[in-house]
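Reading through the structure tokens given below for one structure.
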Protein chains: 4
Amino acid sequence: MSEERIQQIIEAALAFFAREGFAHARMDDIAKTTGLSKGAIYLYFESKDAIIAAILKVFFRQEMLFMLRREPSPEPIHEQVLDLTQSMVGAIEHMKPFLSIAFEFYAIAGRRKEVRQFLWEYYTDLHAFWWELIQRGIERGEVRAADPDATAMTILAMFEGLALFWLVAPQSLDVPAQAEASMRLILEGLAPHHE
Amino acid sequence: MSEERIQQIIEAALAFFAREGFAHARMDDIAKTTGLSKGAIYLYFESKDAIIAAILKVFFRQEMLFMLRREPSPEPIHEQVLDLTQSMVGAIEHMKPFLSIAFEFYAIAGRRKEVRQFLWEYYTDLHAFWWELIQRGIERGEVRAADPDATAMTILAMFEGLALFWLVAPQSLDVPAQAEASMRLILEGLAPHHE
Amino acid sequence: MSEERIQQIIEAALAFFAREGFAHARMDDIAKTTGLSKGAIYLYFESKDAIIAAILKVFFRQEMLFMLRREPSPEPIHEQVLDLTQSMVGAIEHMKPFLSIAFEFYAIAGRRKEVRQFLWEYYTDLHAFWWELIQRGIERGEVRAADPDATAMTILAMFEGLALFWLVAPQSLDVPAQAEASMRLILEGLAPHHE
Amino acid sequence: MSEERIQQIIEAALAFFAREGFAHARMDDIAKTTGLSKGAIYLYFESKDAIIAAILKVFFRQEMLFMLRREPSPEPIHEQVLDLTQSMVGAIEHMKPFLSIAFEFYAIAGRRKEVRQFLWEYYTDLHAFWWELIQRGIERGEVRAADPDATAMTILAMFEGLALFWLVAPQSLDVPAQAEASMRLILEGLAPHHE
DNA sequence: TATGAATGAGTTTTCATTCAT
DNA sequence: TATGAATGAAAACTCATTCAT
């Protein structure tokens, strides 16, 4: 019941924060969208910042749950990577309406240690996931002996950059195509016959 | 004289916006830092938003001027790319204190068309620069016949992502090393003996 | 309840606007007089101008309601006119403390079409009322065949002018006496045995 | 030279006060229109209020100078009155662009004794003028033995009211025609064969 | 739990006035 | 005399938060 209310509030807040930004969105808006009164919001969250903090947590967990749950697969790494790329693109597209929020959090991260730490954990998890995949690829001989750390980081960075470009040029950028092209380029760089 | 004041204000504003965020930074602070009165600020900028708009323009032009000015060079593309990577890293490091501002602009871009357009022009310029370099590499036979569009985009995305990670984990990430590693991976993917 | 607050605010605003003028009266004062906080005022009116607009409407309706409600009467027109004159004088005296506000609205009317239109409607109503009375007088043969339009206008003008003189010389002008004298002069000009 | 500057300033101020109202018109506007700098204004007037005060004096003297200078005339009073009516209408039409200012002064009169007194003197002069004319009419037997005080006041009031209606309904009111009709009505009421 | 009216501190913005030159 | 950049006090307005019901 209480949990339900909290979800209601977070959803309403997400909508307004995405549309107006953290500073511009008003508690009034959130309350009205929730269908609750302004006072009621404060029964569940002690402040606007508390809502923002809650959203930070919700926001940076959803996206990758599907990935972190993947079982090790016997499929060729190459195929898995391309599959995952599609999934990532799907995830980015799914949260398109909220991308602005992500960048607002990044801005805040530059100023607040807790946010920085939280986000770093998130990226660490993602990184670990790709690291493992690459590592497996190396072990299986499907990937040349590249540095899996730096490679995973490169992949993550590429996805983040893509999300940014998509935010900035929603019409001009074919995200799935670009993501695939980028990933194929990286895969090419990882191909074992190079050595 | 007037130009000088405008620079003063932009600098003070940059400092406070970086430290506090657009919403939190107060005109009072900016004025005080400038050494001017609050009223004087309004002689040069008609509103806080006008200052932010001015900063947008200053901010996303500085970084790449050095690049766009480069003459075509006979050096091997491979060397040029690694050189440029160092320059980019230098630029990112140089504007480290203001990275938060960049991300705040990205968030705003998601909500305001003019900002989106301005940023897109910026990225278009950068993209054209890399595109040309790659194209030249292909013509010279130093790079395989990859899609220069997608490749340039990949490079840009990678740099943006790196900046983000650095903001989030200033201690944990060795930016120059990571940038070089990422770029070498991409270069590997572009190596001509692949075909 | 809400209606009650609105009345409270309008009353407080009237008092301060009358005393200080629209420009000088401060929202703070109005709030304090109401017993409300400044913020509360903004729950009911979105701006100072909105309060002024509301007052315009309240102000130019009260005065004449009593007149417009009058049933056609069999009394001699002559008597009716003198009765009405007294009522008008009563109305003017009643709103004496707020006369300044009326003139501020007239000044604004010169600059803003909507105000002009609103006031013109008000005068049109008043005009219609006197027009009808005069017309009835003509029909009954108690008034000579004068132009009822111009006559009604003359009467209204005379009252407005009187209000102005009273504002300017509250001590020197005996309004009831002057109003009666003016009206008797006009009635004389309307007497039927002239023709 | 100094006098010239003062005139310049008063004219510029008149223009802006008429257009924007006393409160809205800014010293900046006035200065710019004058062609002088803001600082220079303060060499000639010690404050905005001082300019307003100067305008009050200029404003309420121009209009009637032509009248007060009139020599007693042998013409029939009836004719003289209609002539004067035309002159008054001309005067009103002439200062049409500044009528708003007049009403702003009336509003201020309600709040400030000096303004009240100044205006009262002005009206007293005008009143005296009409009083004399009527008195002469009575003496000459061209006007019945009406109260010249009340009559003069009625005439003045009528003109003020007309000016107001014209401000409020510049299109709908034919001022010359209405003024003549109103005056004829009053003249009718003053006709000697009544007694 | 829930309401929503009320608060009041905090911010932007305005502009008459000053003053160094 | 004249300038116009600078001041700073004032005022409108905002909105997260509280609290009586």
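Values below: every heavy atom of this structure, side chains too, minus hydrogens, waters and symmetry copies. From a predicted model like this one, the values you see are computed outputs, not experimental measurements.
A distance of 11.0 Å separates CZ of C:F22 from CD1 of C:I51, quoted to the nearest 0.5 Å.
What you find for B:I9 and B:I30 is that their closest heavy atoms are O-CG2, 4.2 Å. Considering all non-hydrogen atoms of both residues, B:V115 and B:F105 come closest at CG1-O, 3.8 Å.
Of all nucleotides listed (F:dT3, F:dT17, E:dA2), F:dT17 comes nearest to the side chain of A:S47. You'll find that the side chain of B:L43 is closest to F:dT7, out of E:dA6, F:dT17, F:dT7.
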Nucleotide pairing, DNA chain F (Watson-Crick or G-U, distances under 3.5 Å), in dot-bracket with [ ] and |:
.||||||||||||||||||||

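Salt bridge status for A:D29 with A:K32: absent, with no side-chain N to carboxylate O gap under 4.0 Å. At a threshold of 4.0 Å, the pair D:R116-D:E121 does not count as salt-bridged, since none of the basic side-chain nitrogens sits closer than that to a carboxylate oxygen.
Between A:K38 and the phosphate of E:dG4, there is no side-chain N or O to OP1/OP2 separation shorter than 4.0 Å. In terms of phosphate contacts, A:R5 brings a side-chain nitrogen or oxygen within less than 4.0 Å of OP1 or OP2 of E:dA2. Distances shown here put every side-chain N or O of B:Y42 at or beyond 4.0 Å from the OP1 or OP2 atom of F:dA6. Contact check, B:Y44 against F:dA6: a side-chain N or O comes under 4.0 Å of OP1 or OP2.
Per the geometry, CZ belonging to B:R26 stands 14 Å off P belonging to E:dT13, to the nearest Å. If you measure from atom NZ of D:K48 to atom C1' of E:dT18, you get 17 Å, rounded to the nearest angstrom. Atom NE2 in C:H24 sits roughly 17 Å away from atom P in F:dA9 (whole-Å rounding). With rounding to whole Å, C:K32 atom NZ is found 16 Å from E:dA6 atom C1'. Here the P atom of nucleotide E:dT1 and the CD1 atom of A:I41 are 15 Å apart, to the nearest Å. Summarising the geometry, the separation between CG on B:D49 and P on E:dT13 is reported as 7 Å, rounded to the nearest angstrom. Nucleotide F:dC15 holds its P atom 13 Å from the CZ atom of A:F16, rounded to whole Å. In this structure, C:I30 atom CD1 and E:dG8 atom P are separated by 18 Å, rounded to whole Å.
Relative orientation of the C:Y123 and C:Y106 rings is tilted, given thresholds of 30° and 60° on the angle between their planes.
Between B:S37 and C:E46, the residue anchored nearer the 5' end of DNA chain F, judged by the nucleotide with its closest heavy atom, is B:S37. Of the two residues near DNA chain E, B:G39 and C:L36, the one whose nearest nucleotide lies more 5' is C:L36.
In this structure, B:R61 forms a cation-pi arrangement with B:F118, its terminal cationic atom sitting closer than 6.0 Å to the ring centre and no more than 45° off the ring axis.
Nucleic acid contact class of B:A25 (heavy atoms, under 4.0 Å, all strands): sugar-phosphate only.
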